[in-house]
Amino acid sequence: GINVTNNQSHSFIISGQLTGPLLAVVIGFEMVVAIFLNLFVILFTLCHPKTLKKSSTIFLTSLAVANLLVSCLFMPFTFITAAAGEWIIGKTKEEKEATCKFVGFMFSYTVGLSVHTLALISFD
């Protein structure tokens, strides 16, 4: 399992040698690659309008849009949190807690959207 510690010295260690800043680099790389590849899929689909008549293309494009939303809207929060070692978005403790919960809810919603799109693709 994942063992996360966040003590007085603000160390952020996940399972052995993977520290917060290293995790931030990995997440940053994944975010850039995901944005690039999902934009490529969307642009490729839009440049070939004949393919939009196929239901599988519509589902795959929908999945690319959902993944692009995750990459653009939520991965930056994960990147910042991993780099800082804690949730830093918000001025007060209440604001930090509220933004963390909101981002978590919206992340779960978009991941659920991706999962449902994959389910629809499997039926097609």
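Model, not experiment: these values are computed from the prediction.
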Next on the checklist: Using every non-hydrogen atom in the two residues, find where A119 and S122 come nearest and quote the distance to one decimal.
Outcome noted: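 It is O-OG, 2.6 Å.
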Checklist entry - Going by an N to O cut-off under 4.0 Å, is there a salt bridge joining E97 and K101? => result yes
Mind checking the [atom1]-[atom2] spacing from [X] to [Y]? Nearest 0.5 Å is all I need.
{"X": "K91", "Y": "K96", "atom1": "NZ", "atom2": "NZ", "value": "12.0 Å"}
{"X": "K50", "Y": "T57", "atom1": "NZ", "atom2": "OG1", "value": "13.5 Å"}
{"X": "I88", "Y": "T81", "atom1": "CD1", "atom2": "OG1", "value": "7.0 Å"}
{"X": "L113", "Y": "S62", "atom1": "CG", "atom2": "OG", "value": "6.0 Å"}
{"X": "F59", "Y": "T117", "atom1": "CZ", "atom2": "OG1", "value": "8.0 Å"}

Item to check | Pair listing, ring-ring contact (aromatic ring centres under 6.0 Å, His included) test, anchored in residues 62-81, at least two apart | outcome: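 For residues 62-81, and leaving out neighbouring residues, the ring-ring contact (aromatic ring centres under 6.0 Å, His included) pairs sorted by first residue read F77-W87.
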Checklist entry - Which residues satisfy the salt bridge (Lys or Arg N to Asp or Glu O under 4.0 Å) test with E95, sequence neighbours excluded? => result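 E95: no salt bridge (Lys or Arg N to Asp or Glu O under 4.0 Å) contacts found.
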Item to check | With sequence neighbours excluded, residues passing salt bridge (Lys or Arg N to Asp or Glu O under 4.0 Å) with K53 | outcome: none
Can I get a per-line list of side-chain donor-acceptor pairs under 3.5 Å for residues 63-72, giving both atom names and the distance, sequence neighbours left out?
{"from": "N67", "atom 1": "OD1", "to": "S114", "atom 2": "OG", "distance (Å)": "3.3"}
{"from": "N67", "atom 1": "ND2", "to": "L63", "atom 2": "O", "distance (Å)": "3.4"}
{"from": "S71", "atom 1": "OG", "to": "N67", "atom 2": "O", "distance (Å)": "2.9"}

Item to check | Shared hydrophobic cluster, L23 / M75 (ILVMFWY, side-chain heavy atoms < 4.5 Å) | outcome: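 Yes; tracing contacts between hydrophobic side chains, which count when under 4.5 Å, links both residues.
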Checklist outcome for this item: Tracing side-chain contacts under 4.5 Å among Ile, Leu, Val, Met, Phe, Trp and Tyr outward from I58 reaches none
Taking distance alone, no hydrogens or angles, what donor-acceptor pairs closer than 3.5 Å link side-chain atoms of residues 24-49 to residues at least two apart or in another chain?
{"from": "N38", "atom 1": "ND2", "to": "A34", "atom 2": "O", "distance (Å)": "2.8"}
{"from": "T45", "atom 1": "OG1", "to": "V41", "atom 2": "O", "distance (Å)": "2.8"}
{"from": "T45", "atom 1": "OG1", "to": "T61", "atom 2": "OG1", "distance (Å)": "3.3"}
{"from": "H48", "atom 1": "ND1", "to": "F44", "atom 2": "O", "distance (Å)": "2.9"}

Checklist entry - Are any side-chain N or O atoms of T99 and backbone N or O atoms of G90, one a donor and one an acceptor, separated by less than 3.5 Å? => result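 Such a contact is absent between T99 side chain and G90 backbone.
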